[in-house]
There are 2 protein chains.
Amino acid sequence: MVMSFFSKLSVREQQQKVRDEAILEATSLLLARKGYDLMTMDEVAAEAGIAKASLYKHFTSKELLAAAVMTRLLDNALAFLGGLPPETSAREKMQALLRWALDLRLGGGLPLLPSMNPTLQSTLLANRAYVERILKLNGRMAELVKTAQAQGVIDPELPTEVIMFTLYARTCDPALDYLRMTGKYTNQQVADYLVRVAFAGLRGTPT
Amino acid sequence: MVMSFFSKLSVREQQQKVRDEAILEATSLLLARKGYDLMTMDEVAAEAGIAKASLYKHFTSKELLAAAVMTRLLDNALAFLGGLPPETSAREKMQALLRWALDLRLGGGLPLLPSMNPTLQSTLLANRAYVERILKLNGRMAELVKTAQAQGVIDPELPTEVIMFTLYARTCDPALDYLRMTGKYTNQQVADYLVRVAFAGLRGTPT
DNA sequence: GTCTATACCATGATAGAC
DNA sequence: GTCTATCATGGTATAGAC
């Protein structure tokens with residue numbers, strides 16, 4: 001089919017994108033708030049302001065919807081990393097990424113990592129787009145970690161994977177929720193503490 | 001009703017305890033493996049070798065069952081802490097408790113902390129026995145943390161709560177699962193890494 | 001009296017008719 | 001796009017066997 005760039009179809013496609021984006025945003029919020037298992041498609045539809053069946057016109061299954069959200073999230077993470085000024089050190093980049101994720105979570109926008117729902121897990125791993133992003137991010141992270149280790153600012157005795165996985169894990173650290181529940185700290189303070197503890201540990205850095 | 005200590009009822013009560021224990025153990029495994037939401041009462045019954053309806057004779061709801069498991073877990077944690085030799089330092093005790101929890105998890109026996117299922121959460125907080133244990137453990141932990149901070153072996157600039165919550169959070173660190181999935185490390189190594197990173201951080205301890 | 005089998009009922013993911 | 005089924009799942013209650 002031939003069409004101009006300004007045809008009605010193009011506009012309609014843009015509308016689609018806008019709607020898709022709204023759905024993804026709603027899903028993101030709900031995933032962050034309740035997790036995959038407890039999130040229902042009814043809620044997503046309500047939050048996005050459309051009917052449930054309409055939702056299924058956009059995303060053909062709950063799992064695919066979740067995969068789309070996770071993929072978008074990884075894209076954002078990669079974009080964030082890529083957008084950091086070139087003079088930023090490797091360790092600073094690692095720290096900034098963790099901070100970015102924690103801030104996202106404090107704003108209600110970070111879907112927890114794939115809980116351990118097995119069906120979701122396998123759907124994700126079968127999802128070309130998702131896996132591609134994961135691999136790309138892993139590659140970037142591995143570089144940063146190795147550089148930082150070579151510079152001696154990250155424990156060189158730890159396997160690269162341990163560092164990477166720990167960083168990923170810290171983005172969904174439940175301590176964040178606990179601290180927030182006390183009501184004693186600002187979001188900034190909570191994030192500061194978590195980043196600090198992730199890098200310096202409970203022992204702290206002796207001078 | 002009057003009865004001897006060796007009456008049949010007493011025996012029957014013992015049978016009850018044994019069965020209860022088997023159910024709790026089965027639930028523990030399943031909670032650890034699938035989490036609360038995905039665990040079904042059918043599975044629990046199957047794993048415990050009884051019928052679903054019988055299960056409901058022992059525990060009148062899924063939530064109460066989970067609460068019982070969590071309470072038992074906290075009892076075990078308290079017993080473990082209490083059983084450490086008196087000469088153990090505060091920091092060693094903290095470390096030992098984390099290690100104990102991680103070993104439990106590696107053995108498949110640690111139900112993750114209350115996911116964030118809201119109904120479960122409120123059931124737990126309404127459960128006298130559970131809350132009692134939580135408060136007791138929190139008390140013990142707060143003592144240990146303060147002592148260790150006073151001794152300068154735990155970062156004294158961090159609020160006690162940050163330390164405590166971080167420790168709790170580390171017991172369910174997803175990095176453990178990631179590392180195990182690589183298949184590159186023994187369970188011992190995985191636990192060693194996690195404990196080390198929890199206390200020394202990613203930066204490591206500069207000599 | 002304790003377990004088994006089965007029935008009930010709400011919820012939530014999908015599919016099909018307008 | 002919406003509205004209205006369908007269909008499976010899973011928590012809970014009951015009815016009857018040993």
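In this text the structure is predicted, and so the values were computed from the model without any measurement. In what follows, chains carry the letters A, B, and so on, assigned in the order in which the sequence lines appear, proteins first and then strands, with residues in each chain numbered from 1.
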Expressed as a whole number of angstroms, how long is the span from [X]:[atom1] to [N]:[atom2]?
{"X": "B:His58", "N": "D:dG11", "atom1": "NE2", "atom2": "P", "result": "18 Å"}
{"X": "A:Leu120", "N": "C:dA13", "atom1": "CG", "atom2": "C1'", "result": "15 Å"}
{"X": "B:Asp42", "N": "C:dT4", "atom1": "CG", "atom2": "P", "result": "13 Å"}
{"X": "A:Glu63", "N": "C:dA13", "atom1": "CD", "atom2": "P", "result": "11 Å"}

Ignoring hydrogens and geometry, is there a side-chain-to-backbone donor-acceptor pair from A:Arg105 to A:Asp173 under 3.5 Å?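 Pair found, side chain donor or acceptor close to backbone of A:Asp173.
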
Just to confirm, is there a sub-4.0 Å distance from OP1 or OP2 of D:dG11 to any side-chain nitrogen or oxygen of B:Ser61?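 Checking D:dG11 against B:Ser61, no side-chain N or O comes under 4.0 Å of OP1 or OP2.
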
State whether A:Lys62 places a side-chain N or O below 4.0 Å from either non-bridging phosphate oxygen (OP1 or OP2) of C:dA13.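 Affirmative; the distance criterion is met.
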
Would you kindly compare B:Tyr56 and A:Ala53 by the position of their nearest DNA chain D nucleotide and give the one closer to the 5′ end?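 With B:Tyr56 and A:Ala53 compared, the 5'-side residue is A:Ala53.
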
Regarding A:Asn138 and A:Tyr168, is there a side-chain donor-to-acceptor distance under 3.5 Å anywhere?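 Yes, side-chain donor-acceptor contact under 3.5 Å.
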
Determine whether A:Met164 and B:Tyr178 make a side-chain contact, defined as any pair of heavy atoms from C-beta on separated by less than 4.5 Å.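 They are not in contact (no side-chain heavy atoms under 4.5 Å apart), so the answer is no.
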
For the base of C:dA5, is there a side-chain donor-acceptor partner from B:Lys52 under 3.5 Å away?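 By the distance-only test, no, there is no pair.
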
B:Arg99/B:Asp103 salt bridge by N-O under 4.0 Å criterion: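 Judged by the 4.0 Å cut-off on N to carboxylate O distance, B:Asp103 and B:Arg99 do form a salt bridge.
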
